[in-house]
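This is a predicted model, so every value here is computed, not measured.
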Amino acid sequence: MTWRTELQQTIQYRNAYFLAFSATAGYVCFGWDIGLIGGVLALPSFQQYFGLDKESASARASLSGNIVSVLQAGGFVGAIASSWLASRYGRKPSLLASAVIFLIGSAIQSIVGLGSTPAVGLKLLYFSRFLGGVGVGLMSALVPTYVSECAPRAIRGRCTGSIEVAVGLGNMLSFWVNYGAALNISPGEMQWRTPIIVQILPGIVFFVFMLFQPESPRWLVERGRYNDAANALGYIARKDPQDDTVQVTLSEIREQFAGKRQLPIATQFKKMGENRIIVLRCLIPSIATFFQQWTGTNAINYYSPIIFANLGISSTTASLLATGVYGVVKFVVTCLVLAFVIESWGRKRTLIYGGLAQAITMIWIGGYSAVHPEPTVVPATYVSIVAVYLYGIAFGLGWGFTPLVLGSEVAPGHLRSAVMSIAVGVTWLFTYVIAQVTPIMLAHITYGTYLVFGVASVIMAIWVYVCIPETTGYPLEDVRYLFEKDILIRSLEDAPGGRIFLGKRRAIPMEELKKNATDASPEPAPSDLSDELTKEAVPRGQSDTLVI
């Protein structure tokens, strides 16, 4: 694709891009919150205010883990609650509610300890971080579903992938705000309160921008609001709601939901076990997000000042500066991958190459830490610091945002909100686990911490290579055919060099599967559609580039 075509496509889909930008502003809050606390914990003024500096090393590590991980506990609750909220009230109102909860939690965090003892302030900090976590958990579960249901197929990977750009932006900004506070604000309460206060700004931006966005057309179809769905599709693609391409897309979505509209959330969970194909498609998003947490990314996000200190960068400001540079590297790489790689390489290659690359960097850091356990600076120290940055590049290449893109594409449409709430719940659960165990691992198994993450990265790359077919370029309604027959053969066929293992075996082509489909998902039989599609049926055909 030439730059001229890219420019024309960007202009054509500018409403879709703005929708993705507005929704993923919620992930700026997410990225800010997870990047913020590690730097705040490293500030001597914070430790002195709450008495952490008077605790033993093990007690301080435990308190730090609790302060960090209580956000994840709230995030888990929010993620699990998101499926019910999104199904009952819609994606947009639930996203607006998540912003309000996040803002209230952040406001309380910024005033903890005022008018009370530090001990009471610490309890209020736990509560407010939990409350903010509920808001962030709702955002993190709802945004991938909302964006994937709204984005046109041609740019769906880019729009959904912009989630990780938002996370990277939030990370980067929080790292530099922490560094600026440490450098320019004299030690005292405002030194650690300022970064917490500033995180309110992205929450306000998210709330305001979402006010102007439409509801998910798929949720509207599920509720029988077909005119509203056509208007939403027309706005996203910048076409008249009565345009043939809009009506064809609407007809396809209605066909998918015929006989399955307004499924209660309990029924959605029950239908996840309907048959082997559905079970597989519902499991993949959670497996992908589980693996994502064992890449070690949140260990670096939360405890990068400690990690850089262990590598020989001893002063607080220097470690925060190194952390800030890491945030910039990860953000820039994620932007480049989103612009030039995600749609050309596809989901599968980015996950494989990213997983192997991050494994190499983690194993190097682990090996260096084993040979040089003391935090002294030697020539190899600089290589290890570069390895941390290379890890950020590798993570941004694949496992940063592709699991959410893949999960939202693979999940069955009528179960997507429930499936993604579980997947994001898994994210929060194991983010909590990582936040709790990382300081303990760094203290007790030291270099083994990095080896665990490195080996896990190899395992996840192998899983994608063998078990996951490529989903890039397919409409959401057609992804189900990829899992109906010859899944392992199709997965190896789509993998780089995978045909070597297949000999002459090949998967059944997609066109043939669509032609001979026997309702394996199961989707509604044609007879089930007559009542729903009689009024506004549109001749089937290719719907230009609008297809969502």
Pairing residues for Arg349 by the salt bridge (charged side-chain N to carboxylate O under 4.0 Å, His left out) criterion, not counting sequence neighbours: none

State which residues pass side-chain hydrogen bond (donor to acceptor under 3.5 Å, both in side chains) with Ser83; sequence neighbours excluded, sorted by chain then number. Ser421

The criterion is ring pair (Phe, Tyr, Trp, His ring centres under 6.0 Å); which residues satisfy it with Phe127, sequence neighbours excluded? none

Looking at residues at least two apart in the chain, or sitting in another chain, which of them share a side-chain hydrogen bond (donor to acceptor under 3.5 Å, both in side chains) with Arg416? none

For Ser408, check side-chain hydrogen bond (donor to acceptor under 3.5 Å, both in side chains) against everything at least two apart and list the hits. none

Can you list every pair that meets ring-ring contact (aromatic ring centres under 6.0 Å, His included) and has a residue in residues 87-108, with sequence neighbours left out? Trp84-Tyr89

Residues which pass ring pair (Phe, Tyr, Trp, His ring centres under 6.0 Å) with Trp192, listed by chain and number, not counting sequence neighbours: Phe46, Tyr49, Phe50

Taking only residues two or more places apart in sequence or in another chain, which ones pass ring pair (Phe, Tyr, Trp, His ring centres under 6.0 Å) with Tyr27? Phe30

Anything under 3.5 Å between a donor and an acceptor, one on a side chain of residues 199-214, the other on a protein residue two or more places apart or in another chain? List them.
| residue | atom | partner | partner atom | Å |
| --- | --- | --- | --- | --- |
| Gln199 | NE2 | Ser106 | OG | 3.4 |
| Gln213 | NE2 | Ser22 | OG | 3.3 |

Can you name the residues that form a side-chain hydrogen bond (donor to acceptor under 3.5 Å, both in side chains) with Ser457, not counting sequence neighbours? Gln358

Partners meeting salt bridge (charged side-chain N to carboxylate O under 4.0 Å, His left out) with Asp478 (sequence neighbours left out): Lys514

For Arg14, what residues pass the salt bridge (charged side-chain N to carboxylate O under 4.0 Å, His left out) criterion, not counting sequence neighbours? none

